[in-house]
Every structure is written in C-alpha cells, then in structure tokens.
A.B. asks: 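Quick one: the structure is below, questions incoming.
Counting convention: from 1, in listed order, for ligands and their atoms alike. If you read the sequence from its start, that first residue is 1, and numbering goes on from there.
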Amino acid sequence: MNIFVINSGSSSIKYQLFQTPLSQPVCSGLIERIGLPDAVITHKTYTGGTEQVTKISANIATHEEGMLETGRLLTAPGTGVLQNPDEIDIVGHRIVHGGETLTQTTVITPRVKDEIKKLFPLAPLHNPGHLKGIEVAEKIFKRATQIAVFDTAFHQTMPEKAFRYAVPDVFYKNYGIRVYGFHGISHKYVAGQAMKYLKKPDAKLITIHLGNGCSMAAIKAGVCVETSMGLTPLDGLIMGTRCGNIDASVLLYLMTEQGYTAERLTELLNKQSGMFGLTGQSDMRYIRKMLDEGSEAAKLAYEMYAYRIRKYIGSYAAALEGLDAIVFTAGVGENDSLVRELVCKDMRYFGISIEETKNRQPAGGFLDISAVESGTKVLVIPTNEELEIADQCLALINNKAGAPFN
Ligand SMILES: Nc1ncnc2c1ncn2[C@@H]1O[C@H](COP(=O)(O)OP(=O)(O)O)[C@@H](O)[C@H]1O
Ligand SMILES: CC(=O)OP(=O)(O)O
Ligand SMILES: [Mg+2]
C-alpha cells in the first residue's frame, strides 16, 4: 500500500511517501520559505538504499503552487518514484484545526471539508492552505482515499480546568471559545519516542516544538494535560511571525484608541509580530546571522524567545507535579543549539543542566544533551509528523482507531 503524507505548515510543505509496512520512506521533501522570494524545494529519494537529493530554487507564492509542484516531482523524470499518481492508495493530510467536531483521524468527506472551512478564522495561516491542499490532492491522486489527521486531536485529553478560559460559560457553550492546542501530531510523536528512550511509560514530559509556529505541551503517561497554544495557534510562545501570549487589552487599546480594524490586528499579530516584529526576519537562521554580526535587536529577540520558554517550563513542571524530561523538537528546536543553551542556562537549581559539548553536536538525529548530574533529561528528538500521520491513517483503515466523520 502506498501512503502519501502532506504536512502543510505556515511557512512550509513537507511530504513523505511510505509503503507498508511503515519504515524508511520511498521519498520525502520539504518546500521552505513559501511566500518569500527565495523558496527552496529539497526532494529526496531513497530507492535501492541510496539517498538522492534534488534542490530546486523556485518562486512558490502559495501552498497551492507548492502542492502542484510536489505532485509533479513524484512522477517527473529524475525525481519521480511513481509511474502514475494512481499508484497512491491513501493521502494523509495534516490539518491544524479540527475544532470540537473533528477530534479523530477521519476519511475526508464533503462535510469534513466544510468543517475545515468553517475553522478558517481560527487557523488563518493553516486551514485555508489545507483545504487547497486537499482539493489539489483529490485532483492529482484520483484513486486515493483522502484522510485528515488533526493537530488538535492529541490535546483533547486536557482537563476542563486547563482548556477553559475564565469568561462566562455561554462563550464556551455557544461559540466553542476554549483552548484547543496545536502541533499535537508532533507532541504525540516525540513524547512516544522519549518514553521509549527513558523506558518509562508513566514519564512526566515537557515537549517543546519550535518551528515557525512554536508550542509546548505537558504530558503525563502519554496523555496531554496542558499546552501553550489556545483557541488559535497564536497564543503562548514567541514564534516566527506570531506574538504568542499578550494582554488582550493591547488589542482593545489599538482598536479603541488607535483605530485598528480586526483585519489589521489579525495581520499584525499573526504575520508581523514575533521574531519578525522584533528583528525584521522570521527565519531563525537569518536572525542568528544578525546576532553574530552584533545586532542588538537579534540579541533581545533571542533572549525574549528563550525567556518565554523558561517561564512555561516552570509552570508546566508545576502542572505535572514533577519532571522526567524536556524534549526539544522541530526546525529551531532540533537545529539551534543557542536557543537550547539559553533555555537551559542556570537551571541547575531546577534540576536541569545540559552539557555544552553534547548540545553543540551536529543536528540531524536523536541527542541526549543532559549533563550527568541533571535530574531531568534534556533530549533533542527530530519530529516526524509525516510518519505519525501515516501510522494514524493505517490505524483508521485497519479499523484500529478513529472513525469516519459522517
Ligand atoms: N539550521 C537551522 N538553524 C536554526 N534554525 C533553523 C535551522 N533550520 C531550520 N530552522 C528554523 O526552523 C523553522 C522551520 O521549522 P519547521 O518546523 O520546519 O516549521 P513549520 O513546520 O512551522 O513551517 C525555520 O523558520 C527556521 O527558523
Ligand atoms: C500550528 C502551527 O503553528 O503549525 P506550524 O508550526 O507547522 O506552522
Ligand atoms: Mg510544522
């Protein structure tokens, strides 16, 4: 069986083609910096045990263009691994927001697409691209069963005291105003890997997903009890272009005193804030370069980014009533040793200390960067949302989990 997985992030599309039984993919790819002038496509094939890498600089303005290009690469001479797109049996789509109705992995029906559309305002950087991705995939992979796997699903186990906001009940009951949480596919995957490594099924973990979007989760025995994103993927940590946690009065002030419209505020907080607002750049690789060249703005931005994570570590250890390990993952978490260093600096009193030589090892695989005396393990675990999605698609098809949404 051929399973093609599409993971659209806010700035990227990642894809992997798997054959059952799931192990090494047949091909994988990453389209980075979508919407920026210098998007890059990296397409890898793994046939015959050798990895062949193709890098293409392209102008990819939208996720729709990215998806069309992905479909082309799968069958094109030189990069292709299929004779015909009809060889794909399942397409697994990462969907960021499933709201309160789409809480399990599900076969995509017209009703599922309608629900994804209804949630556009709650995931403006993601759900519109996902729906386009589904529509393009339905055209390219006509024979395949299209399946949706939701970022929000893993966080559904949070207790009510964690997922409710302190506003009148009616706002939850009538409008679904609550914490949903995102990046659940990634948090679930890396938590599973950490529990295996620690050989501790009841481990108390804090998983720290730092990509273009950033979030943290507190996980006890594989079950999510807290997470940092909220109704939308805007709350919590400082991100590439999103502000994270902010006093709601800032918005009220800007609306009432400075004439900001809701539309301008959406744009400001989602696309012009975060690291971009502080430095003019959203990509951590560029901000690191600025820092190395002496930029004060980059220095402050790095400090703020790490400080916010530290505050959440403190509060999540309290929520978990203990801590076995913290796990760094995603683009920044896996690659940026300076972020990890700033987060873990002077935390010995808290039971966390890392060994700098271990922290600076080349990225690309699993790392245990804890110092010998660290009571809490500090791990770097590459996320693999695509493998987790493929696994959940198979479980659905084999009737092991989830249920179609009718
Ligand atoms: N070598 C690196 N060093 C530091 N940051 C990196 C590196 N590689 C990628 N990143 C960061 O990772 C981010 C993308 O992470 P990713 O998890 O792929 O994001 P998303 O899924 O949200 O699009 C980039 O914006 C960049 O800031
Ligand atoms: C939810 C979210 O922010 O996802 P990503 O980091 O992939 O943009
Ligand atoms: Mg991502």
A.B. asks: How long is the straight-line distance from CG of Leu291 back to OG1 of Thr279, given to the nearest 0.5 Å?
C.D. replies: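 Thr279 OG1 to Leu291 CG: 10.5 Å, rounded to 0.5 Å.
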A.B. asks: Who's the nearest protein heavy-atom neighbour of atom 19 (O) of ligand 1, and how far?
C.D. replies: Asn212 N, 3.2 Å
A.B. asks: Which of the atoms in ligand 1, numbered in the order shown and given with their element, are less than 4.0 Å from a heavy-atom of Val332?
C.D. replies: 11 (C), 12 (O), 27 (O)
A.B. asks: Does His126 approach ligand 2 within less than 4.0 angstrom via side chain, backbone, both or neither, non-hydrogen atoms only?
C.D. replies: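 For His126, only side-chain atoms sit under 4.0 Å from ligand 2.
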A.B. asks: With heavy-atom distances below 4.0 Å as the criterion, list the atoms of ligand 2 near Arg242.
C.D. replies: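 Result: 2 (C), 3 (O), 8 (O).
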A.B. asks: Quick test: of every protein heavy atom, which one is nearest to atom 17 (O) of ligand 1, and how far off is it to 0.1 Å?
C.D. replies: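 Closest protein heavy atom to atom 17 (O) of ligand 1: Gly331 N, 3.1 Å.
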A.B. asks: Looking only at heavy atoms, which two atoms of Arg94 and Ser8 are closest? And how far apart?
C.D. replies: NH1-O, 3.2 Å
A.B. asks: Hey, is ligand 2 close enough to Asn212 that some N/O pair sits below 3.5 Å?
C.D. replies: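 N/O-N/O distance below 3.5 Å does not exist for this pair.
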A.B. asks: If you count the atoms of ligand 1 from 1 in the order shown, which ones are under 4.0 Å from a heavy atom of Gly213?
C.D. replies: 22 (O)
A.B. asks: Should you measure from each heavy atom of Ala330, which atoms of ligand 1 turn up under 4.0 Å away?
C.D. replies: 17 (O)
A.B. asks: Between ligand 1 and Asp283, is the shortest N or O to N or O distance under 3.5 Å?
C.D. replies: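 Among all N and O atoms of Asp283, at least one is under 3.5 Å from an N or O of ligand 1.
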A.B. asks: Check whether the ring centres of His155 and His187 lie less than 6.0 Å apart, and answer yes or no.
C.D. replies: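 Aromatic pair counts; centres sit under 6.0 Å.
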A.B. asks: Can you report which non-hydrogen protein atom sits closest to atom 1 (N) of ligand 1, along with the distance?
C.D. replies: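 For this ligand atom, the closest protein heavy atom is Asn335 CB, 3.4 Å.
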A.B. asks: Below 3.5 angstrom, do we get any N/O pair linking His183 and ligand 2?
C.D. replies: yes
A.B. asks: Which ligand 1 atoms, with their elements, are less than 4.0 angstrom from a heavy-atom of Met284?
C.D. replies: 5 (N), 26 (C), 27 (O)
A.B. asks: Ligand 2 and Phe182, any nitrogen or oxygen pair closer than 3.5 angstrom?
C.D. replies: no
A.B. asks: Indicate whether any N or O donor in one side chain lies under 3.5 Å from an N or O acceptor in the other, for Asn384 and Gln193.
C.D. replies: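 No.
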A.B. asks: Going by an N to O cut-off under 4.0 Å, is there a salt bridge joining Lys358 and Asp368?
C.D. replies: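 Between Asp368 and Lys358 there is no salt bridge, as every charged N stays at least 4.0 Å from the carboxylate O atoms.
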A.B. asks: Surrounding CD of Glu263 (heavy atoms of other residues, nucleotides or ligands, distance under 6.0 Å), is the total greater than 12?
C.D. replies: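 For Glu263, atom CD is not crowded (no more than 12 foreign heavy atoms under 6.0 Å).
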A.B. asks: Kindly give the heavy-atom pair with the smallest separation between Phe350 and Ala317, and that separation in Å.
C.D. replies: CZ-CB, 3.6 Å
A.B. asks: Could you list which atoms of ligand 2 come closer than 4.0 Å to a heavy atom of Arg94?
C.D. replies: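 Listed by number with element: 1 (C), 2 (C), 4 (O), 5 (P), 7 (O).
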A.B. asks: Would Lys188 and Glu388 pass as an ion pair if we require N to O under 4.0 Å?
C.D. replies: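 Yes, charged N to carboxylate O under 4.0 Å.
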A.B. asks: Applying a heavy-atom cut-off of 4.0 Å, say which part of His97 lies close to ligand 2: side chain, backbone, both or neither.
C.D. replies: neither
A.B. asks: Once you restrict to heavy atoms under 4.0 Å, what part of Lys14 touches ligand 2? Side chain, backbone, both or neither.
C.D. replies: neither
A.B. asks: Numbering the atoms of ligand 1 from 1, which are under 4.0 Å from a heavy atom of Ser12?
C.D. replies: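 The list of qualifying atoms is 20 (P), 21 (O), 23 (O).
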A.B. asks: Assess Arg308 against Tyr312: is NZ or CZ under 6.0 Å from the centre of the six-membered ring, and within 45 degrees of the ring's axis?
C.D. replies: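 No.
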A.B. asks: For the ring pair Tyr197 and Phe366, is the centre-to-centre distance below 6.0 Å?
C.D. replies: yes
A.B. asks: Looking at Asp324 and Lys377, is any side-chain nitrogen of the basic one under 4.0 Å from a carboxylate oxygen of the acidic one?
C.D. replies: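 Salt bridge between Lys377 and Asp324, a charged N being under 4.0 Å from a carboxylate O: no.
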A.B. asks: I'd like to check which ligand 2 atoms, numbered from 1 as shown, lie under 4.0 Å from a non-hydrogen atom of Met229.
C.D. replies: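 Counting from 1, the qualifying ligand atoms are 3 (O).
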A.B. asks: Heavy atoms, side chains only, cut-off 4.5 Å: are Cys243 and Leu234 in contact?
C.D. replies: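 Side chain of Cys243 against side chain of Leu234, heavy atoms only: contact under 4.5 Å found.
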A.B. asks: Are any of the N or O atoms of Ser8 closer than 3.5 Å to those of ligand 2?
C.D. replies: no
A.B. asks: Looking only at protein heavy atoms, which one is nearest to atom 4 (C) of ligand 1, and how far off is it?
C.D. replies: Arg285 CG, 3.8 Å
A.B. asks: Could you tell me which atoms of ligand 1, counted from 1 in the order shown, lie closer than 4.0 angstrom to a heavy atom of Lys14?
C.D. replies: 16 (P), 17 (O), 18 (O), 21 (O)
A.B. asks: Using the ring of each side chain (for Trp, its six-membered ring), is His209 parallel, tilted or perpendicular to His183, with breaks at 30° and 60°?
C.D. replies: parallel
